[in-house]
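One structure is given below, encoded as structure tokens.
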Amino acid sequence: MTPDASKAPKHQYRQVAFSLKADRITAEIWREARKRELALVAMKGPAIGAWLYRDGGLRPYGDTDLLIRPGDLARGQQMLRHLGFRPWPDTPATTGDGIPHRHAWWNGDHAVDLDSGLVGVEAPGDALWDVARRDGELLTIGGEEVEVPGETFRTFHLALHAAQHGTAINRPLADLERGLEQLPQELWRAAAGIALELDAREAFVAGLGLTPRGRALLEQLGLDAHLSTRTRLRAASSPPTALGFERLGSTPGLRERARLLLREVAPPKEFLLWWSPLARRGPIGLALVRVYRAGWIIRHGPAGYAAWRREHRATATTGGHARRTDREKR
């Protein structure tokens, strides 16, 4: 039975409107990319909605996520500039939890993520690109035929996306739960094969480990749950300062640690422009944010340190258990 549209909450209409606008802009990008003979892959958003929400469930999205071959990144950026987009200041790789392969763009009304990698994938970007397109499919978005990853890669990405955001954001977990409920074990096993191929086992395991159904699947697939501290911190939605303590603890040498600590407390201008809208309001705003940043580190430091210690100890414990298990097997 089709639900009565007149009874739908107003916020659902807004979500649908945002999604339709995103589809229109995605189609515009695709038309321009074809002119330039530039290959792209549309990630998440409409591909997941058409796949896992066919029962009429609402899967809203308000931006455009694109994967591009690393070697084509400069051309992709040039195309977005031509379409009126401007780079949104990224978190520098040397400060915060920077992800150097992520590139955010904004035209004043819509955001585009142009990525040459995925969080949790340690294999080179070219390898990721080849696997993402291996069984690619065409999906009509905004009236244009757009390339999306095949079902196996989408399944793999469900776990990765959940691991990236942990329990802090509901949407990736909801997508993962639907995937665990609807998709056969054989497909998840093939997705686990992609995780191993792309050196993304940790993120794949961490994502599945966020739900009871996912943990049961891990046992069925025979995947152990040993994770690095960094992966644990992301999956647990730990305070942002926790990852800073992990970098500090894994950096060799007192001098290098001192430099890292200084960059965290007094980061470069580019980071502050990304970190706070106030910093983008001129020199006074930037100066105020520099002062605020130091206080923010002091205020959030204890919680981050506690989270880092907890996950660091858990990593050491499971690592020791894994080594004992391997010896017993031998």
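FYI, the numbering just counts along the sequence from 1. Small disclaimer: the values here were computed from a predicted structure and weren't measured.
The neighbour count for Glu256 CD, taken as heavy atoms of other residues, nucleotides or ligands under 6.0 Å away, is above 12. Within a 6.0 Å radius of CZ in Arg36, other residues, nucleotides and ligands contribute more than 12 heavy atoms.
Atom NE2 of His157 is separated from atom CG of Leu176 by 12.0 Å, given to the nearest 0.5 angstrom. Atoms CG and CZ, on Leu80 and Arg86 in that order, are 10.0 Å from each other to the nearest 0.5 Å. Distance check: Asp55 CG to Gln182 CD gives 6.5 Å after rounding to the nearest 0.5 Å. Summarising the geometry, atom CG belonging to Asp63 is positioned 15.5 Å from atom CH2 belonging to Trp105; distances are rounded to the nearest 0.5 Å.
Pairing each heavy atom of Ala279 with each of Leu272, the nearest pair is CB-O, 3.3 Å. The two atoms that bring Trp129 and Ala39 nearest to each other are CH2-O, 3.5 Å, heavy atoms only.
Paired with Glu137 under the rule side-chain contact (heavy atoms from CB on, under 4.5 Å), one option of Arg154, Glu145, Glu147 passes, and it is Arg154.
Taken together through direct or relayed side-chain contacts under 4.5 Å among Ile, Leu, Val, Met, Phe, Trp and Tyr, Leu67 and Tyr61 form parts of separate hydrophobic clusters.
By the 4.0 Å N-to-carboxylate-O rule, Asp175 lies too far from Lys44 to be salt-bridged with it.
Here the side chain of Thr241 pairs no donor or acceptor atom with the backbone of Gly244 at under 3.5 angstrom.
For the residue pair Gln185/Arg189, the side-chain donor-acceptor check at 3.5 Å is satisfied.
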